[in-house]
Amino acid sequence: MITARGLTRRFGDLVAVDRLDLEVRKGEVFGFLGPNGAGKTTTVRMLAALIAPTSGEATVAGQRLGAANREIRRRVGVLTETPGLYRRLSARDNLIFFAKLHRVADPAGQAERYLRLFELWDRRDAAAGSLSKGMRQKLAIARALLHEPEVLFLDEPTASLDPESARTVRDLIESLRSKERTIFLCTHNLDEADRLCDRVALFNQRLIVVGEPSRLREEMYGRRTVVHLVEPRPGIEDALDLPFVKSVERVDDALVVSLTDPDRENPLLVERLVELGVGVRYVNELRMSLEDLYLDLMEDDDAPA
Amino acid sequence: MHRLSTILRKEWRESLRNKMVLFGVGFLPLLLVGVSVYMVVEGGGTDDPIAQVVLFNTSLMYFLLLPAIIPLAIAVYSIVGEKDQSTLEPLLATPITDLELFLGKALASVIPALLINWASFGAFLGITSILLGGLPPHVLTLPWLVSIFGLSPLLSLFAVSVTMLVSSRASDARAAYQVSSFAILPGVIPLIIYSSQKTLVNLRLVGIEAVVLLVVSSVLLRFAIRVFRREQILTRWK
């Protein structure tokens, strides 16, 4: 649905986006993660045909960037970092205005449909400026969806929202996933990305890594088992001489064991510990968060070569 | 055309909800019509020919100020308002063309300015006719009519171009308003010339001003259209 090859954007001497290669599949929620100033918004602006790349090429919703910019803008929806609503106009007038610009067949009907869907119908005549932050964000998402775009770019959709409103917006994104829309999600909220995204890309002016969150974690950290012991003996970690154990680390009363195939090797590990006369309280898998992965990769990226 | 009219209607709807714009568009014409009527009625009653010339020329000047002041008020709030509300990016993310957006903004300012100006001139004629028992002397002349109907669109165009250029670099409506205010100068300059020559509005001076305005407005318009490109708006505007 989105393909970018060597996409680059410079502002004078500053390289905002450097040779970005990317493939986003139809119907997936794709997380685009990176620190402030990484070039995420510039990337979205290029892919939404708002600004031209300095070099490189891309296709969005089957249309070539540069050759069919207007067609791309017809086929994509953009939620900008701030809701960007006309404060003096009512919620309904805001939607009708954008529906008309997109030449939606029945602007008023479509506005009503989305106002009802996002539970804003009761506030339809209220000035957009008088709505709560969460409502404004929902209205902005509704605006981005009015023309039923094939690709939806969401730039920090839950930033500056209270937890309740953020949850509402996340639920909305979840519901959109089931409608086979491609969602390109820029976010700082790594927990949100972990929960919502099929794949994520870590980006800091250039692409660092891309993949499914669970697979990236596995590739980076491997799969690790934590064995909580009843009475840990000194030197027990050295006694675990099994061939499939890649590494053992003692953390308080627990052993963190790196294995190749925990599903098969965990019972053998526990068996060996019992043989060694060590009581096992319980066993669980150590799950590294996407945040750990992000921070480690960003640190590596910042480190001098 | 469809998108252009959508922009126009949205601009007007927003303007009607903005007190600052309403003041410029509603109160000012009323005030200036009142003052113009007073001057023409007073001028008709004086025997001093120089005083009469000044009074008549000044009353005409008000109808050359309105076509500049009204678009200034609308355009400043229209553009700075978009920046202030961060609505430009969502707007530019639609299939609207740069020219449609520019024309929408420009016409949303020029059309009401001309209609209000001409309506004000009509009201001025009506009221002075009633007060003087007929059309006021030296008013319904060709130079006056050319000024009101020929110069007004050029003055509006000039004001809109200046305002759009200034507003693209300003983040505060009041600052943009102040800087753009010099756009009313072309409406004031003729009065200074007429007063120094102690002559009534004449066709030669109106023609010269029209040509100068046409040239300057065309140049400014080209700059304004260039500033109104999607890429410029998103990357260069403050």
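What you see is a predicted model; the values in this text were computed from it and never measured. Letters A, B, ... mirror the listed sequences (proteins, then strands); counts begin at 1.
- Counting heavy atoms of neighbouring residues, nucleotides and ligands inside a 6.0 Å radius, atom CD of A/Glu119 does not exceed 12 of them.
- In this structure, B/Gln85 and A/Thr82 have side chains that are not in contact, with every pair of non-hydrogen atoms separated by 4.5 Å or more.
- A/Arg88 places no side-chain N or O within donor-acceptor distance of the main-chain N or O of B/Glu14, the cut-off being under 3.5 Å.
- Within the structure, every pair that satisfies the side chain to side chain donor-acceptor pair (under 3.5 Å) test and touches residues 6-21 of chain A, not counting sequence neighbours, is listed here: A/Arg9-B/Glu231.
- Residue-environment remark: CZ (A/Arg116) exceeds the threshold of 12 foreign heavy atoms within 6.0 Å.
- A side-chain contact (heavy atoms from CB on, under 4.5 Å) with B/Thr94 is found for one member of A/Lys100, A/His102, A/Arg103 and no other, namely A/His102.
- Note that CD of B/Glu89 and CD1 of A/Ile51 are 9.0 Å apart. Values are rounded to the nearest 0.5 Å.
- In terms of non-hydrogen atom pairs under 4.5 Å with chain B, the most contact-rich of A/Ala127, A/Gly84, A/Ala52 is A/Gly84.
- Within the 4.5 angstrom heavy-atom criterion, only side-chain atoms of A/Phe98, from C-beta onward, approach chain B.
- For A/Phe11, the part lying near chain B is the side chain, with the backbone staying farther off; criterion is any non-hydrogen pair under 4.5 Å.
- No part of B/Arg229 comes within reach of chain A, as not one of its non-hydrogen atoms sits under 4.5 angstrom from that chain.
- The choice from B/Asp84, B/Ile96, B/Thr235 that makes the most heavy-atom pairs within less than 4.5 Å of chain A is B/Asp84.
- Heavy atoms only, all atoms of each residue included: B/Arg3 and A/Leu101 are closest at NE-O, 2.6 Å.
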Assess whether side-chain contact (heavy atoms from CB on, under 4.5 Å) is satisfied between B/Thr87 and A/Arg87, documenting all intermediate values. CA-CA 10 Å; B/Thr87 43; A/Arg87 290 195 288 260; over 6 Å; no

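- Annotation for A/Arg5: atom CZ counts as buried by contact number, over 12 foreign heavy atoms lying within 6.0 Å.
- Of the atoms belonging to A/Ala49, it is backbone heavy atoms, and not side-chain ones, that fall under 4.5 Å from chain B.
- Within the model, atoms CZ of B/Arg13 and CZ of A/Phe97 stand 10.5 Å from one another, a figure rounded to the nearest 0.5 Å.
- Nearest heavy atoms, B/Thr97 versus A/Arg70: CG2-CZ, 3.4 Å.
- A 6.0 Å sphere centred on CZ of B/Phe149 holds more than 12 heavy atoms belonging to other residues, nucleotides or ligands.
- In terms of heavy-atom proximity, B/Pro90 sits nearest to A/Thr80 at CG-OG1, 3.9 Å.
- For a residue to count as touching a neighbouring chain, one of its non-hydrogen atoms must lie under 4.5 Å from one of that chain's; by this rule A/Leu85 touches chain B with the backbone only.
- Contact of B/Ile7 with chain A is made through backbone and side chain together, with heavy-atom distances under 4.5 Å.
- Contacts of B/Leu88 with chain A are absent, with no heavy-atom separation under 4.5 Å from either backbone or side chain.
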